[in-house]
Each structure stands twice: as structure tokens, then as C-alpha cells.
Protein chains: 2
Amino acid sequence: MIRRFRGESLHKVDAKGRVSVPAAFRRVLEEGDPDFSRGSSPNFVIVYGGVRGNCLEGYTINSISKVDKLISKLPRFSKDREMLERFINTQSTYMQLDETGRIVLSHRLKEKIGIGDEAIFAGMGEKFQIWEPKNYQNELNALDSSFENLSEDENPFLKLDQLQD
Amino acid sequence: MIRRFRGESLHKVDAKGRVSVPAAFRRVLEEGDPDFSRGSSPNFVIVYGGVRGNCLEGYTINSISKVDKLISKLPRFSKDREMLERFINTQSTYMQLDETGRIVLSHRLKEKIGIGDEAIFAGMGEKFQIWEPKNYQNELNALDSSFENLSEDENPFLKLDQLQD
DNA sequence: TGCCATCTTATGGGATATCATGGAATTTTA
DNA sequence: TAAAATTCCATGATATCCCATAAGATGGCA
């Protein structure tokens with residue numbers, strides 16, 4: 001089975017910026033790091049820029065490498081490539097879990113998403129997100145109300161089955 | 001894992017032109033220098049010419065070799081080749097990190113990109129850039145706004161998935 | 001089914017190493 | 001020989017490592 005990031009949970013952020021990554025997510029990060037071996041700690045990547053500036057996004061090494069490979073196919077120095085590198089590489093950082101399954105969010109990262117002493121981890125399949133709890137709730141509410149206003153043929157649930165490969 | 005240049009950070013430039021290269025970048029430079037051995041300091045290349053005159057670009061030895069090879073494939077004496085050699089070979093220089101992970105930017109290089117006493121390092125995958133902070137911010141802003149004006153089928157993120165191997 | 005032993009998880013505190021930066025001393029070079 | 005460049009040493013801040021503990025979760029077994 002290929003594990004995916006699922007579920008949401010709330011964690012404390014201590015004075016040093018340390019947060020526990022949910023145990024279930026750790027398993028996914030381990031599977032997604034080709035260099036991981038039992039006894040070591042998996043690496044992964046956090047993207048903090050991009051379109052949505054209000055949360056951090058965590059990717060396994062494998063899934064970010066996929067993106068990197070695609071970007072590398074674009075012509076060097078092309079506008080598209082520079083733009084993607086800027087959003088994906090410049091505004092991201094390598095992370096490594098520590099022995100106890102934590103990462104440390106630098107002052108800069110905490111500031112970026114307005115985090116104080118708590119953080120929400122939200123599984124999103126191939127990636128996960130880290131939110132300041134209030135912002136997360138707002139996001140959920142916004143999502144609910146925009147969903148309610150959709151017409152039948154805009155409903156993504158209904159579109160899903162038409163994509164059949 | 002093959003590390004790439006990721007992330008951005010701000011560093012002081014002292015009166016002698018010394019700047020610390022971000023520690024994460026040093027690891028990439030070490031891996032990308034075939035002659036590097038533990039205890040020594042990696043070499044790399046800084047390109048200061050090129051289309052964009054407003055920043056410096058740092059390449060590992062391995063990745064500049066890749067570019068060199070590509071250039072060598074162009075017909076000798078062709079206009080294209082002359083131009084690229086001029087930009088990539090003529091307007092570039094070898095650099096070596098010192099013991100403490102710093103390089104020194106000559107007066108000439110600082111002038112080239114308008115640097116005073118601070119510099120931004122920005123990871124771009126196979127290369128990194130060095131910017132004067134204000135110029136960098138302008139670049140980011142320009143990027144953001146040009147991104148917002150893109151139509152759906154110009155969006156480089158969406159184009160990526162069409163490249164699917 | 002209820003209880004206990006064990007493992008995992010989430011969290012905290014203190015010690016240690018690395019990083020970024022500055023200044024002085026020494027060498028090179030023009 | 002003065003200016004520029006390089007080497008060496010010093011230090012505060014940050015990040016990393018190591019150890020500790022309490023609360024859950026898990027599993028075995030009577």
C-alpha cells in the first residue's frame with residue numbers, strides 16, 4: 001500500500017519552535033524518502049511560498065523530486081522555469097525529523113503563517129499542510145460556503161468520475 | 001538524495017566584501033565538486049554576466065560542466081555559441097569557500113549587482129542567485145503580479161502536469 | 001473482559017555543536 | 001610601501017543533540 005497523508009491534528013509549538021509531526025505522517029515521510037532506513041530520520045521538504053501564503057506545505061522527497069524533474073525538463077533560463085524554481089525551490093526548505101519525530105519551525109516560518117504556540121497538521125494526500133488554528137478554521141468555513149454555492153455541474157465530486165483514465 | 005539549492009536567506013556583507021554562504025548551500029556545493037574531500041573547501045563558479053545583469057548566479061562544478069557540455073554541442077563559430085561562451089565562460093569566475101564558509105565579493109562583483117552591506121541568497125535548484133535585497137524584493141513582486149495576470153493555460157504550474165513523462 | 005506490562009507518542013529541559021559575523025595579524029601585489 | 005587580499009582567532013546566536021517523563025495506545029493473558 002502506498003500511504004497518503006490523511007487526517008488532521010493539533011500540536012504544541014514550544015519556545016524553540018519544535019513541533020511533533022503526527023505519527024501517521026511520519027510513516028508517509030519515511031516511505032517517501034529513498035534514503036530512509038530504519039533507525040534514521042526521514043528528510044522531506046517544506047514549501048512556504050506559492051500561491052497560498054497562509055500555510056506551509058510538506059512534501060516527501062519522492063513527490064518533490066517528481067516536481068523537480070518536471071521543472072528540469074523546461075528550457076534553462078526560460079521564463080516558466082525561472083518562475084517555478086522561484087516558487088518551488090526558492091520558497092522551500094529541506095527538513096529532517098529528529099529522533100522523537102519533531103521538526104523545528106524557524107522564526108521566519110512561524111511568522112510566515114502567523115503561528116504562535118499551536119499548529120494544525122492537515123493531510124492532503126500527496127502533501128500535508130501546517131496551519132495556524134484560527135486561519136485553518138477560517139479556511140474550512142470559506143470552503144464550506146463556496147461549496148454550497150456551486151451549481152450541479154461545478155460540483156467537483158460529480159466531476160471526479162468523468163476523469164476515468 | 002541529490003540535494004538541490006533550496007530556500008532563501010539574508011546575509012551581511014562586511015567591509016572586505018566577505019559574505020557567509022548559507023550552510024545548506026555549502027552542502028550542495030560540496031556534493032557538486034568532484035574534487036571536494038572532507039576537510040577541504042569546495043570550489044564553484046559564479047556567473048555575473050548573462051541576460052539578467054541584476055544578480056549573480058552560483059553553480060556547482062558539476063552543474064556548470066553540464067552547461068559547458070551543452071554549449072559545446074553548438075556549432076563552433078556559430079553566433080549562438082559565441083554569445084553563450086561570452087556570457088557563461090567569459091563573464092564568470094571560480095570561487096572557493098574559506099574555512100568559515102564565506103566567499104569574498106570583489107568590488108567589481110558588488111558593483112555589478114548594486115550590493116551594499118547585505119545580500120540575499122536564493123536557491124534555484126541547480127543554481128543559486130545572489131541579490132541586493134531591494135532588487136530581490138522587486139523581482140519577487142514583479143513575479144507575483146505577472147503570475148496573477150496569467151491565463152489558465154499560461155500557468156506554469158498547470159503546464160507541469162502536461163509534461164508528464 | 002478486565003488488568004497489567006510494554007511500546008509509542010507528544011512534550012519539556014539542558015548540554016553541545018554549528019553558523020554567521022567581526023576584528024586583528026599576516027601575506028601578497030601593484 | 002601602501003592598499004588589497006588572505007589567514008587566523010574570537011564570540012554570540014541559533015540550531016541540534018541527548019536525556020527525561022507522562023499520557024495514550026497496544027497486546028497478552030488470566
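Just so you know, these numbers use all the heavy atoms, side chains as well, and skip hydrogens, waters and symmetry mates. Keep in mind that what you see is a predicted model, and the values were worked out from it rather than measured. Throughout, a chain's letter reflects where its sequence line sits, starting with A, and its residues are numbered from 1.
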Measuring from atom CG of B:L74 to atom CE of B:M83, what distance do you get when rounded to the nearest 0.5 angstrom? 11.5 Å
Could you walk me through whether A:S106 and A:R108 pass side-chain hydrogen bond (donor to acceptor under 3.5 Å, both in side chains), step by step? CA-CA 5 Å; A:S106 66; A:R108 186 129 178 290; over 6 Å; no
Does CZ belonging to A:R6 count more than 12 external heavy atoms closer than 6.0 Å? no
Do A:L150 and A:P156 have side-chain heavy atoms sitting under 4.5 Å apart? yes
Over its full length, what angle do the end axes of the helix from C:dT1-D:dA30 to C:dA30-D:dT1 make, each axis taken from five pairs and the result rounded to 10 degrees? 30°
Please list, by residue number, the residues of residues 103-124 of chain B whose heavy atoms come closer than 4.0 Å to an atom of DNA chain D; answer none if no residue qualifies. none
Report the relative orientation of the aromatic rings in B:F157 and B:F147; use parallel for angles under 30°, tilted for 30 to 60°, perpendicular for over 60°. perpendicular
Pairs in or reaching into residues 8-34 of chain A: which pass ring-ring contact (aromatic ring centres under 6.0 Å, His included), with residues at least two apart or in two chains? A:F5-A:F25, A:H11-A:F121, A:F25-A:F128
Please find out if less than 6.0 Å separates the ring center of A:F44 from that of A:F36. no
Residues from residues 12-29 of chain B lying under 4.0 Å of DNA chain C - heavy atoms: B:K12, B:D14, B:K16, B:R18, B:S20, B:V21, B:P22, B:A23, B:R26, B:R27
According to the ring-ring contact (aromatic ring centres under 6.0 Å, His included) rule, which pairs have a member within residues 55-86 of chain B, sequence neighbours left out? none
Anything under 4.0 Å to a heavy atom of chain B counts; send over the first and last such nucleotide of DNA chain D, read 5' to 3'. D:dT6 to D:dC8
Taking the side chain as C-beta and beyond, is there a heavy-atom pair between A:Q129 and A:E139 under 4.5 Å? no
Rounded to whole Å, CG of A:L97 lies from P of C:dT9 at a distance of 12 Å
A:E99 CD - C:dT11 C1' separation (whole Å): 16 Å
Under 6.0 Å from the CD atom of A:E154, do we count more than 12 heavy atoms belonging to anything else shown? yes
Rounded to the nearest 0.5 Å, how far apart are CD1 of A:I46 and CD1 of A:I64? 11.0 Å
Step by step, work out the salt bridge (charged side-chain N to carboxylate O under 4.0 Å, His left out) result for B:E126 and A:R81. CA-CA 12 Å; B:E126 293 191 38; A:R81 176 155 174 183; 3.7 Å; yes
Check step by step if side-chain contact (heavy atoms from CB on, under 4.5 Å) holds for B:E152 and B:L158. CA-CA 8 Å; B:E152 180 112 325; B:L158 300 181; 3.9 Å; yes
Atom pair distance, as rounded to whole Å: CG in B:D98 and P in C:dA20: 12 Å
